[in-house]
Amino acid sequence: MKKLYPIKLCLLMFFALCTLTTYAQTGSISGKIVDESKLPIPGASVQVDGTQKLTVSDSDGNFRLTGLTSGTYTLTAKYIGFASLKQTVTVGTTNVVANFNLKGEQTNLNEVIVVGYGTQTKREVTGAISKVSGDKLTSLPTPSFEASLQGQAAGVQVTQGSGLAGSGSVIRIRGIGSISAGGDPLYVVDGIPITADPFISGNRGAMNQNPLATINPNDIESVEILKDAGAAGIYGSRGANGVILITTKRGKTGKPKISLSTKYGLSTYANRPEFVTGSEWLQLRQEAWTNDGNTGLAPLPGGLTLAQAQQNNTDWWDILTQTGKSNDQAISFSQGTDKIKTYISANYSDNESFLKGNSYERYGFRTNFDIKPTSYFSTSINVGYDKGTNQRVNAAWGGGLGEAMSTALPIYPVYNADGTFFSNGANPARNLGLLDWKTRNSRLLAGVVMELKPIKNLSLKGSFNMDNLDVQDNIFTPASLNNSTIGNATLYPTKIFNRTFSGTATYDWLISDKHKVTTLIGTESQFSYRNSYPNGINGPANEPFSENKENLYAAMQNLANSNSLLYYSGNGRDTFASLFARINYSYDNKYYLQVLARRDGSSKFGPENKYGYFPAASASWYISQEDFLKDNKVISNLKLRASYGLVGSSNFPSAQYYQQFQFSGSYNGQPVLFPTNVANPSLRWEEGRNMDLGLDFGLFKDRITGEFSYYRKTTKGALINGGISPSTGFGSGYLNVGEILNEGVELSLNTTNIQSKNFKWVTRLNVSKNYNEVVSLDGLTPDAVGGGTNDTRIAEGYPIGTNFLVRFKGVDPNDGLPIWLDKDGFETKTFSLDNRVPVGKILPDYVGGLTNTFSFKGFELNTLFTFAIGGNLYDASAKRQLGVVTDWNIRTDIANRWRKPGDIADFPRLTMSPGTYDGLSSEWQYNSTMFLYDATFVRLREVTLSYALPANFANKLRLQNLRLFATGMNLLTFSKYPGGDPEIARDFENPQDRNMSPNVTYLTTPQQKSITFGLSTSF
Amino acid sequence: MKINYKNILKSFIVLSVITVVGTGCEKFLETPPLESIPKEQAIADETGLKAVMNSAYQIVGGGNMFGGKIQVINEMLGDQINGTLLTGDFGEIFGRKTSVFGDYKNGMYTDIYQSIFRANTVLENLDKAISMRDNLEGQAKFIRALSHFQLVQFFAQPYGFTSDNSHLGIPIRLTTSIDPGVRAPVKQVYDQIITDLKIAELKLPDENGGYATRWAAKALLAKVYFQMNDFANAYLYSNQVITSNKFILDTYISRFSEAGSKESIFKIISTLSAYEAGGELRGQFRSDFNLPTFRLTADFYASVNTTNDTRKVLYDNVKYPGFIVTTKYNKDRFEVPVIHLTEIKLIRAESAAETGTNLTVAAQDINDILARAYNNTRSIPLASSASLIKTNARFERSIEMAGEGNRISEIKRIGAKGENIDKRGAVWNCPGLVLQFPQGEMASNTSFQRNPEGGCN
């Protein structure tokens, strides 16, 4: 048991150190540290000023300092989240009692904020950073931690994917500045830039496997979101989309403490579209048939006669869904002395979604050690391991619930008369219990940081990190599903290795009491690659490859014999090397200036642009420290900050700058080497020019605090993967041609509305407005980028993800045919794709969150509403569900359709032939504003009621605390969209699709609505 | 526990050096992904060039070309499929009114051009070849011609639409340069196809281990000339192929079989697990498990449902009451013949009839086909008239090649001679019988002229 060894070692050292304490014939100080409600604060530090004497309060809040010679001492008691307090005591030869009553601080300017390659106090920060504490991330049973950021930070738009277990979210920080390159922020865990690519397994089964689901939210101490050039600039060519810094929990000074948390939950879908029943469907089809001038009975899909069809009214949605169950267990151990601090955690969770057969089961461990053997050397060793099994189901266009919303008709039976599965039409029930699809993810995140302080104020740090991600996609279709005499097994094994080395030197130069300069210089190199079988391993088998290795070897042998087994050690390899420096200057706690620069070289950049340079400057001014505001009764804190700098984004694949060839499979048993791309030797990063102005304020002794920011980000050279003539044989190629503007304002406001002895009401609001515009495309037309599953376009003068559609005016009451607007706005009854114009946008105007927390004694009620206001939602499935009558399900909204002359209706006369609507060539081309909706929604994202047992009662149970809670997620949704869940991040084909098509739904699985019960305790 | 500070210091220094070296080293940033081989390495020698040539076949035999899509789209444009229940892209193609969108069709377009890009890559690097130089040149030109031929038939009005064939054809791609597409006149496209094939005919060997041979080039020339209604040349080349005696008529069941057919002149090879050809054909037509998407018309079934016609077994109107399906593709794996002897014999017979020469040879060709089809119960006199031969050739062709994507070529070819044979009642040159170009062409070149749109009836 490799894992246990360090724990043992640590415990041994801990006990050894405990026994070193000696008692001499001198005086002592003891006391108790409590908070405003007189509850003890364990783990608070008490230091004798001017000495190294320090102790920590125990689980009852008691502390004791001994070995003090007679005299007068000043003690400082500190605890995170509380204002530190000083007290002077005179010590003789006996014990003196000094109790501390610490007061909670809402804006603690001394709060530690994690910034790139270091930490700063909140006071020193000159950039735009939002901090979200770890407890906010564990309160909701989201499929992955990043979804819990929704509504927590201004300027951060989180669109949760779907209710599929393990699915990801789309996160945009201050808008979107990329078109074809990835627009996701950089994720850094404890200094390790981690693999977060949602396209490792492409879009298999209509789901993007989310590597962030392997990060255990229970281990997260805090998340810092770096938003402007002043903060994210230190990440150079990777900072333009913002940076999300995740800091895991560490051992805290104090007695060993064990924390436990347990949660159980039930879930169902949040919203769903409603479809007509079997008999209604048959009537609608007959109506369409008759409208088209036919007589007799309409022919039916699935090879059914009317009599057969009438016997069925299958509720496919019901067959495929269930009440989901989740459970989440976490235990952690923390202890700390001056020399060694330890944090060890283990967790297990199993989330069965509301889709039958869909679950994500995971367990993980983390051990974080901080060892400080001498005053000049310290080291931290962090190891996190997580292993998860995602039991997959097909979704959206891949089948499953997607079929229940499309081609699995209520007139289809599940079984034929002879008991076999019906197979002449969609039958998603066939897969239940037969399709065996497991994606196994495991991740090892490990890092060693060594810090050396050879002289005073100089710190040398080296860190060496690894991030190993192993994704095994194991699909087995048995013979009966495969329409074959033997089943088929496929395995896609992918291992992603990511190594980072960084070295920094920091020097604090205290020029005088008032002047302080901190200089950081550093270097970082990163190396990542994959070991993978790009085409997978596939072969006939009667059980999954994971169950029978012999079948796997046989399949590999067979592929190898025909030169078709493709394996790479070094697939997608890229290297990255940087130098960076940052200088912080402060004067008199009033003026702060930061200048930074980074040089990044990447193997992805073409030879003409191998290195990028990214300078940024930022400054802040504490106006409230100036004499004229110093004693102001209203304004307790006022800080003005500004930043400007260059940042980059280089989220695009390797090896695009040269004409590359790849091996892929075989033909005629011989190897195949094929050209993959259009070369672009000048390929480079996208350059963001970011400006930020901000005002942080605190009023009425910080009863009201907040931040207001204005930003303007211009992306130059945005990558476009398109604009290539398809008769070259290529659909696309990377070109640095776009210019994009994001401009916006953010406001976050925290108010303590009521604060009395027993009752407290705190409100936190954040809201941001973003304006996005594609300023230039270098002359490319709106269709130059698009295709794939995109139903949106980009056009000069319009935002990214513009709905480019034919305008639907209404239904002609006389004949029931649709009336369109042509390009110039004139009415026409001929549908033409040439009449498509920009009519909507998928980006909302405002996003935000409103949190209200009410506490009464031990009870706490917390509610979080999240909202998105403005923007459009395009329902790409509605054109099949509400359009021409085909072999698709029909939504109940169709009730409002034209039936006879004079009818005023929303939907035109039914037809089975697209040509009835003059000019329409197929149902797929029916892209019009008929299916464009207002995307505004407000959601009761979270409501939590918790009760913390009184401390003395908990203590009787030998516990430090005990908290019971119940949480509801997505219990209410307010929206004008009738087709299901208004919050949409569908399955995506590639980063471009991900940038352009959130809020475009295509049979997307709705989010979950859930109730969770749990308790947490520590002892 | 004793900590050796010297070791810590040492390792700190060593690791710091690694970091600095890693950062400073220029070479470190020149580590391309292992799978992405730069051109000069990929095509360093003949082996590399052969592998690139092979990649062109991978496309030609893939799902977007002869793995099925070419046949499927052709069948939808033709008049033997009962497509009344087809929807989406299929409904659009069957309805003969394609638009600038439609992934099914557009995917085929780009992939056919990709096969040309790969062939051109081979042609631009022939200096790397040694012993295979002629062979590779022949293969590349064969593939380039085959692909241009498919494109011009799909995306332009047929040869004969204008008297001088100056009407717009398709972009001709003879190099790998990435330029906007410009449509060449149809005459120029056909001239280029013939030029390529005539070189291929000379450079390719008799046998080529599964790849294109001299006979494949000649057979394709026969098809191209036949499509141009140039019957003298069609006869010339089909006759050369037949008299080589390298190919013999085989059973119907063997035409789409794993073991292959003796009549295949150019075929897509299927390799277990590694490259299973014909997936798209199976996906759309296979009928032994469930009702397939593609069903045939009652009219067509009546033509084959006659006494003694052994081809009846290839169709089934019982398993799914009210639907006629083919059983041609009811196998897990099979090779896909692209040009086979049956077709070449029918070309020779009809060409002879059209030119009025070698009628005995033609009548014998017809009898060979009839003997197999009707189990030796039917034949025509060896001294049959040209018109009897032609009638038989056309009728038998409509059955022999049903479901193989041939019918629409006949509707257009015979139409260009002035005779409308479409059983769906459309005029041979109505706009909808020509597929629309993908929007990408217009998006990358605003002056690209797309096809007129509109239904056919």
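In the text below, chain A, chain B and the rest are named by the order of the sequence lines, each starting its count at 1.
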Pick whichever of B/Ser99, B/Gly210, B/Gly102, B/Gly107 has the most heavy-atom pairs under 4.5 Å with chain A. B/Ser99
Within the side chain of B/Arg173, is there an N or O that forms a donor-acceptor pair under 3.5 Å with the backbone of A/Ser727? yes
A/Thr676, part contacting chain B, at a heavy-atom distance under 4.5 Å: neither
Under 4.5 Å from any heavy atom of chain B - which part of A/Leu300: backbone
Can you tell me if A/Asp887 uses its side chain to pair, donor with acceptor, with the backbone of B/Leu85 under 3.5 Å? no
Evaluate the side-chain proximity of A/Tyr611 to B/Leu29: yes if any heavy-atom separation is below 4.5 Å, no if none is. yes
Euclidean distance, A/Leu673 CG relative to B/Thr47 OG1, rounded to 0.5 Å: 10.5 Å
What part of A/Asp834 lies closer than 4.5 angstrom to a heavy atom of chain B: side chain, backbone, both or neither? side chain
Any donor-acceptor pair under 3.5 Å from B/Glu35 side chain to A/Gly572 backbone: yes
Under 4.5 Å to a heavy atom of chain A? For B/Arg450 that would be side chain
Show your working on side chain to side chain contact (heavy atoms under 4.5 Å, CB included) between B/Phe101 and A/Ser921 and close with a plain yes or no. CA-CA 10 Å; B/Phe101 298 120; A/Ser921 61; over 6 Å; no
Show your working on side chain to side chain contact (heavy atoms under 4.5 Å, CB included) between A/Arg880 and B/Thr87 and close with a plain yes or no. CA-CA 10 Å; A/Arg880 299 293 311 259; B/Thr87 61; 3.3 Å; yes
Chain B heavy atoms under 4.5 Å from A/Ile724: which part of the residue, side chain, backbone, both or neither? both
Would you compute the distance between atom OG1 of A/Thr728 and atom CG of B/Asn120 and round it to the nearest 0.5 angstrom? 11.5 Å
Measure distances from A/Arg530 to the heavy atoms of chain B and classify the residue's part below 4.5 Å as side chain, backbone, both or neither. neither
Answer with side chain, backbone, both or neither: which region of A/Gln670 has an atom nearer than 4.5 Å to a non-hydrogen atom of chain B? both
Is there a donor in the side chain of A/Asp783 and an acceptor in the side chain of B/Gln439, or the other way round, less than 3.5 Å apart? yes
Which bit of B/Pro171 is near chain A, if near means a heavy-atom gap under 4.5 Å: side chain, backbone, both or neither? side chain
Measure distances from B/Lys331 to the heavy atoms of chain A and classify the residue's part below 4.5 Å as side chain, backbone, both or neither. neither
Heavy-atom cut-off 4.5 Å, strictly under: side chain, backbone, both or neither for B/Ile43 against chain A? side chain
B/Asn445, part contacting chain A, at a heavy-atom distance under 4.5 Å: neither
If you define the side chain from C-beta out and look only at heavy atoms, does anything of A/Gln660 sit under 4.5 Å from B/Pro33? no
Report the distance from atom CZ of A/Phe730 to atom OG1 of B/Thr176, rounding to the nearest 0.5 Å. 9.0 Å
Nearest 0.5 Å, please: how far is OG1 in B/Thr271 from CG in A/Leu559? 11.0 Å
Could you tell me which portion of B/Ile116 (side chain, backbone, both or neither) has an atom closer than 4.5 angstrom to a non-hydrogen atom of chain A? neither
Candidates A/Leu565, A/Asn488, A/Asn558, A/Asn561 - the one meeting side chain to side chain contact (heavy atoms under 4.5 Å, CB included) with B/Ser273: A/Asn558
Has A/Tyr658 got a side-chain atom pairing as donor or acceptor with B/Ser36's backbone, closer than 3.5 angstrom? yes
Can you say whether B/Thr121 sits under 4.5 Å from chain A via the side chain, the backbone, both, or neither, judging by heavy atoms? side chain
State whether the side chain of A/Tyr667 and the backbone N or O of B/Ile269 hold a donor-acceptor pair below 3.5 Å, judged by distance alone. yes
Heavy-atom proximity to chain A below 4.5 Å, by part of B/Asp89: both
Do the side chains of A/Tyr529 and B/Leu34 get nearer than 4.5 Å, heavy atoms only? no
What distance separates B/Ile93 CD1 from A/Ser922 OG, expressed to the nearest 0.5 Å? 9.0 Å
Turns out that what part of B/Thr84 lies under 4.5 Å from chain A's heavy atoms comes down to neither
Is B/Tyr57 in contact with chain A via its backbone, its side chain, both, or neither, using a 4.5 Å heavy-atom distance? both
